[in-house]
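Here is the structure we will look at, set down as structure tokens.
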Amino acid sequence: MKCDRQTLPIAAIREENASLRTFTFHGNLSASPGQFIMLTIFSEGEKPFSILDVDEKSFSMTIKNIGPFTNKLFSMDVGDLVSIRGPYGRSFKRQTGNILMVGGGFATPPLRFLAKKLREDDVKKLVNINGAHSEEDLLYVEDFEILCHQSHIATDNGSLGYMGTSVDVMEQVLQNEKFDQVYISGPEKMAKAAVAVAKKHQLPYEVNLERYMKCGVGICGSCVMDPTGFILCMEGPIVDDQTLDKLEDFGTAHRGKTGAKTAL
Amino acid sequence: MKCDRQTLPIAAIREENASLRTFTFHGNLSASPGQFIMLTIFSEGEKPFSILDVDEKSFSMTIKNIGPFTNKLFSMDVGDLVSIRGPYGRSFKRQTGNILMVGGGFATPPLRFLAKKLREDDVKKLVNINGAHSEEDLLYVEDFEILCHQSHIATDNGSLGYMGTSVDVMEQVLQNEKFDQVYISGPEKMAKAAVAVAKKHQLPYEVNLERYMKCGVGICGSCVMDPTGFILCMEGPIVDDQTLDKLEDFGTAHRGKTGAKTAL
Amino acid sequence: MRFLGKDISTPLTLASGILGISFSSLQRVIRDGAGMVTTKSLSIQPRIGHEGPVIAEFTGGLINSVGLTNPGIAEGLEEVEKFRSGIDGVVIVSVFGANAQEFVQLAKAVNDSSADILELNLSCPNVEDEFKRPFALMPEKITEIVSAVKAVSSIPILAKLSPNANDISAIAKLTQAAGADGLTMINTLGHGMVIDAVAKRPVLRNNFGGISGPCIKPLALKLIHDAYKVVDIPILGTGGVSTGLDAIEMMMAGASAIGVGSAVYDHGLDVFNSIRGEMEEFMDNHGYANYSELIGILEEN
Amino acid sequence: MRFLGKDISTPLTLASGILGISFSSLQRVIRDGAGMVTTKSLSIQPRIGHEGPVIAEFTGGLINSVGLTNPGIAEGLEEVEKFRSGIDGVVIVSVFGANAQEFVQLAKAVNDSSADILELNLSCPNVEDEFKRPFALMPEKITEIVSAVKAVSSIPILAKLSPNANDISAIAKLTQAAGADGLTMINTLGHGMVIDAVAKRPVLRNNFGGISGPCIKPLALKLIHDAYKVVDIPILGTGGVSTGLDAIEMMMAGASAIGVGSAVYDHGLDVFNSIRGEMEEFMDNHGYANYSELIGILEEN
Ligand SMILES: Cc1cc2nc3c(=O)[nH]c(=O)nc-3n(C[C@H](O)[C@H](O)[C@H](O)COP(=O)(O)OP(=O)(O)OC[C@H]3O[C@@H](n4cnc5c(N)ncnc54)[C@H](O)[C@@H]3O)c2cc1C
Ligand SMILES: Cc1cc2nc3c(=O)[nH]c(=O)nc-3n(C[C@H](O)[C@H](O)[C@H](O)COP(=O)(O)OP(=O)(O)OC[C@H]3O[C@@H](n4cnc5c(N)ncnc54)[C@H](O)[C@@H]3O)c2cc1C
Ligand SMILES: Cc1cc2nc3c(=O)[nH]c(=O)nc-3n(C[C@H](O)[C@H](O)[C@H](O)COP(=O)(O)O)c2cc1C
Ligand SMILES: Cc1cc2nc3c(=O)[nH]c(=O)nc-3n(C[C@H](O)[C@H](O)[C@H](O)COP(=O)(O)O)c2cc1C
Ligand code: FES
Ligand code: FES
């Protein structure tokens, strides 16, 4: 059943930085990079989170403390019960040629998971660009170092790596090297800029998008994007270039908790 | 599902004698000898009937005109719709040695079906005893002739074959020949007598029983036999010797439409 | 554990109307793993019930229109006496009357028998043509019948309620106030119709029936929990239980014992042992030592 | 065929609350094979609805406690206008008010839009904490609201009824008498609870929800047929339809058009085309030339 749940104790909590923690659970989740789960805190609510990693007997998510739900989660301890359903959605379609991943902020977990899988697939060349506001906001710096053939870093304040955005680095990298596929996951403005660059270089790309999600299974309509009626929770969150081209909402508008549409 | 139905037009009606007709339906029924179906006449009711024969695309039952339901059925024509669910119940466990079948009255359809299957199984020797009140009540005389190595007939009034019961013939046959298995299907008094004979000769036997059946699927309790709580519709109607030994109701008592128990 | 003063080895109970006509069925269900058995609902006079088909299936459940087929209270109670010889097990005798007077007459007969518990079927949805709305939907009727029976019964009384009640808290409270010693919840949900599109006819001879099976479990859980919050008498939770987890959930919602009906249809009589095994497994895995620890421990969000 | 004066190519209709927030979803459902679409129920002010989880599964169906999440009537009607450009299709706008006055205000707004049909959601089981019993269970309220809306509406009005009503014939009759041009039957069945035994908690954040999906079909068929026998207005049959045969059965019971909700969850939007194909196949095999030949042809046994 689509909404089958696993009610599990938090098995481990790892502090990534001041506002980000990775929560690990012992349980079975057969998931691919880009997919997400819905996590319930009892008496609180339920929210979507991308899957960071999966192995035979555990899985994890990296989560930012940003509002009431995540506050509550950050107050919980190892052993506390939560409930998880999923995995949901479409994952990245993996290619094995020369791959460029462009990530920003705390949207990089799916790219970390993707990198691991691409290496298992024996990808030809894997280059990652990891961007964040400053050094302390960067996620998985060492992991990408190990998993990728090249791993670039960009920070807005120049505290580590290139001073600028991951899209700036993307432009530079594309001037020197050839790629077959670009994977993008970051804040929507950044993703939009990255898409423009990929387009300019006529490269195929896939983008990880976020919208307000309530059901996660294509029934409530809150994540739907105009004008095609694309159901992001089911048909995304990973969106390919051709589909994205038709989504006028991309980079411009989204729906909130009531379903009302506002500019991004 | 257990109660899946086929709603079908009557495909053919064959007159067996003054009070018995064989109704054939085009439909798929994967059944073994001894099993039965529940037949619905809309706005009338639903009753159990043994399966007479099955092939890839049709099946049939021989039915006696005896009361309101069967009256109504006998007033129906080819093309009229009825609904059928089943097959239900346990069938005869087929053996391939020397086989004796003892039948009485209009309870012989399952034996006719069994004979056909035993021949397909390449049975060593198949002997049938077909008993009825008089010649015109005998069913499938030619069929048994063709299907069996030997085929005996007994009529109460001696209008055809031996004058007496099929159990009388059974005793005679058993004096001369050796058998490995006896199959019995007839009125319960006759079945009881046949069982006594089989027991005397220390032969394994199976008996086809009837009880009032309302659900046919083991939930309503109307067909249950004391004192073991044997559920005839599901665990019978074919009952083996060891099971039958424990059924004190056999030949003595049955339950009617209200579930009340009365002597047979 | 104990239920209404009786020792039982398992909370699992045969629900009324399933194989419950003869002593031999009831004994067999006890041997197959139930702690209690409920008889088919008995009326003063024998009843044939409705013509067949009396059951039909659909995705998630069954509908039935058996219509209270039973051999009458006198013969029914003879079966109860026969049941007693050779087996231990709690017998709940279910009765159905056309009015308070009949219920009293039935209750007296049951009190004169060796029955352990009396269940008042106030909620059969299959005899509305004959008896109008189920009593369990009419507060005054519940009060009248239950209190009249209470006055003559020295054995504990279970009142069987309907899922069609729109305010179960009020009904549960007044049923307790009228003197019920426990509640059986729920009877089948009225009314369902299964259609044979080829014949353009309802499948059931009586056109419609009461709904049971897995699909009524969410309804049963909600109703049982609502009742549990407002009464102090035990609840025999019934409705859609076919696994150990179902039974655990129902006890958490507030049931002290668990009725099993349609699951016998789906899985046969082995279902009692399998539910029992699954319950024990869950309890071992999650640190519950006794069934009674489960009762009503559900916490609302 | 025609429904409430509108030409439709298929009786299949998107039920309220399924993907029905944005013009783009509604257009997509029309392209995917529906003849009509119903918007999510719109209220005067925007509503967030309940926190998640808002849906849970069980054998045979779904329970949901979305709680009427919607962007409010003004924004909702903007989506309807956007829907109009580029596609043909009948739009039913569902509205939900706290009282007759609000329903009138909503009805006026809908009448000022290009909506084809107005649906009055009198029967949401998920907002009882806020609004008490669903109006559809209270005869006086139905009469009050429907007649008040009728007085201001020039477009046809569907009144959406509840399966929890205990006397649907009476309710259907008085709803017609109050001026409804059609009935939508049925809303979700209240209330179901799905329990997480490991957590000892209800799965839904709001603890309980309304039941939908295949398991409510027998209930819907019975209620629709009962209503069909006593009213002269068309019925938009809804509840558990996921195959062509389901839709055929519902039309035989008396529905003139068919709402599809939970099946979108189970089978995706392709379900409209598959139901449509299966209906045509059945009709070809059994000699029905038009959908309208099916309506109400069920014969009782
Ligand atoms: C497919 C998907 C994957 C995601 N993966 C991650 C992840 O791996 N790590 C992570 O930290 N966050 C992730 N998010 C975002 C995460 O769901 C929100 O941060 C979280 O819901 C915030 O809830 P809150 O109550 O703490 O904050 P709130 O104050 O309620 O909201 C803060 C912001 O979070 C977003 N948000 C809130 N509720 C939702 C919702 N139901 N659906 C989508 N967005 C919401 C909104 O942008 C809002 O402005 C993902 C979202 C989606 C849709
Ligand atoms: C397993 C089984 C197989 C059967 N096979 C055949 C068969 O192949 N051919 C055939 O003609 N008959 C068969 N019968 C008997 C058949 O069901 C009855 O003859 C039929 O139900 C009579 O219904 P009526 O309304 O015409 O007669 P009624 O007047 O109602 O009954 C006449 C007699 O039929 C029996 N009977 C009635 N209703 C039932 C019922 N629901 N279940 C069982 N017996 C009933 C009773 O002995 C009754 O006295 C079988 C019965 C069973 C249990
Ligand atoms: C075939 C059948 C017959 C029933 N007969 C009775 C009855 O006689 N008296 C009664 O109180 N309940 C009767 N019920 C209701 C059950 O006892 C039970 O309350 C209901 O079926 C819900 O439980 P379940 O989902 O486990 O079947 C009957 C149910 C079925 C399926
Ligand atoms: C997730 C969900 C949300 C719903 N929201 C509404 C709503 O806003 N207004 C309404 O009238 N009905 C609502 N309903 C009820 C449906 O329109 C429909 O009446 C019911 O689900 C039965 O049909 P189904 O079994 O095909 O789902 C909702 C149902 C579901 C499952
Ligand atoms: S989150 Fe409900 S449809 Fe996507
Ligand atoms: S006929 Fe109902 S149990 Fe056998």
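Letters A, B, ... are given to chains in the order of the sequence lines, protein chains preceding strands, and every chain is numbered from 1.
Using a 4.5 Å cut-off on side-chain heavy atoms (C-beta onward), D/Glu57 and A/Lys2 make contact. Contact check for A/Phe230 versus D/Ser24: no side-chain heavy atoms found under the 4.5 Å cut-off. Two residues are said to be in side-chain contact when any heavy atoms from C-beta on lie closer than 4.5 Å; D/Arg47 and A/Thr258 fail this criterion.
Residues D/Ser22 and A/Asp226 come closest through the heavy atom pair CB-OD1, 3.9 Å. Listed here is the closest heavy atom pair of D/Pro71 and A/Gly259: CB-C, 3.9 Å.
Note that CD1 of D/Ile55 and SG of A/Cys3 are 4.0 Å apart. Values are rounded to the nearest 0.5 Å. Atoms NZ and CZ, from A/Lys261 and D/Phe23 in turn, are 6.0 Å apart once rounded to the nearest 0.5 Å.
Between the A/Arg5 side chain and the D/Asp196 main chain, no donor and acceptor come within less than 3.5 Å of each other. Between the side chain of A/Lys214 and the backbone N or O of D/His50, at least one donor-acceptor pair lies under 3.5 Å. In this structure, the side chain of D/Arg205 engages the main chain of A/Ser43 through a donor-acceptor pair within 3.5 Å. Side-chain N or O atoms of D/Gln27 include none that pairs as donor or acceptor with a backbone N or O of A/Thr228 at under 3.5 Å.
Heavy-atom distances place the side chain of A/Leu81, and not its backbone, under 4.5 Å from chain D. For A/Thr7, the parts sitting under 4.5 Å from any heavy atom of chain D are the backbone and the side chain alike. For a residue to count as touching a neighbouring chain, one of its non-hydrogen atoms must lie under 4.5 Å from one of that chain's; by this rule A/Val224 touches chain D with the side chain only. Contact annotation for A/Met38: neither backbone nor side-chain heavy atoms come within less than 4.5 Å of a heavy atom of chain D. The contact between A/Ile231 and chain D is made by backbone and side chain atoms together, counting heavy-atom distances below 4.5 Å.
Electrostatic pairing of D/Glu79 and A/Arg255 counts as a salt bridge here, judged by a charged N lying under 4.0 Å from a carboxylate O. A salt bridge links D/Arg28 with A/Glu235: at least one charged nitrogen is closer than 4.0 Å to a carboxylate oxygen.
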Taking it one step at a time, do A/Ile219 and D/Asn64 satisfy side-chain contact (heavy atoms from CB on, under 4.5 Å)?
-> CA-CA 10 Å; A/Ile219 195 165; D/Asn64 90 79; over 6 Å; no
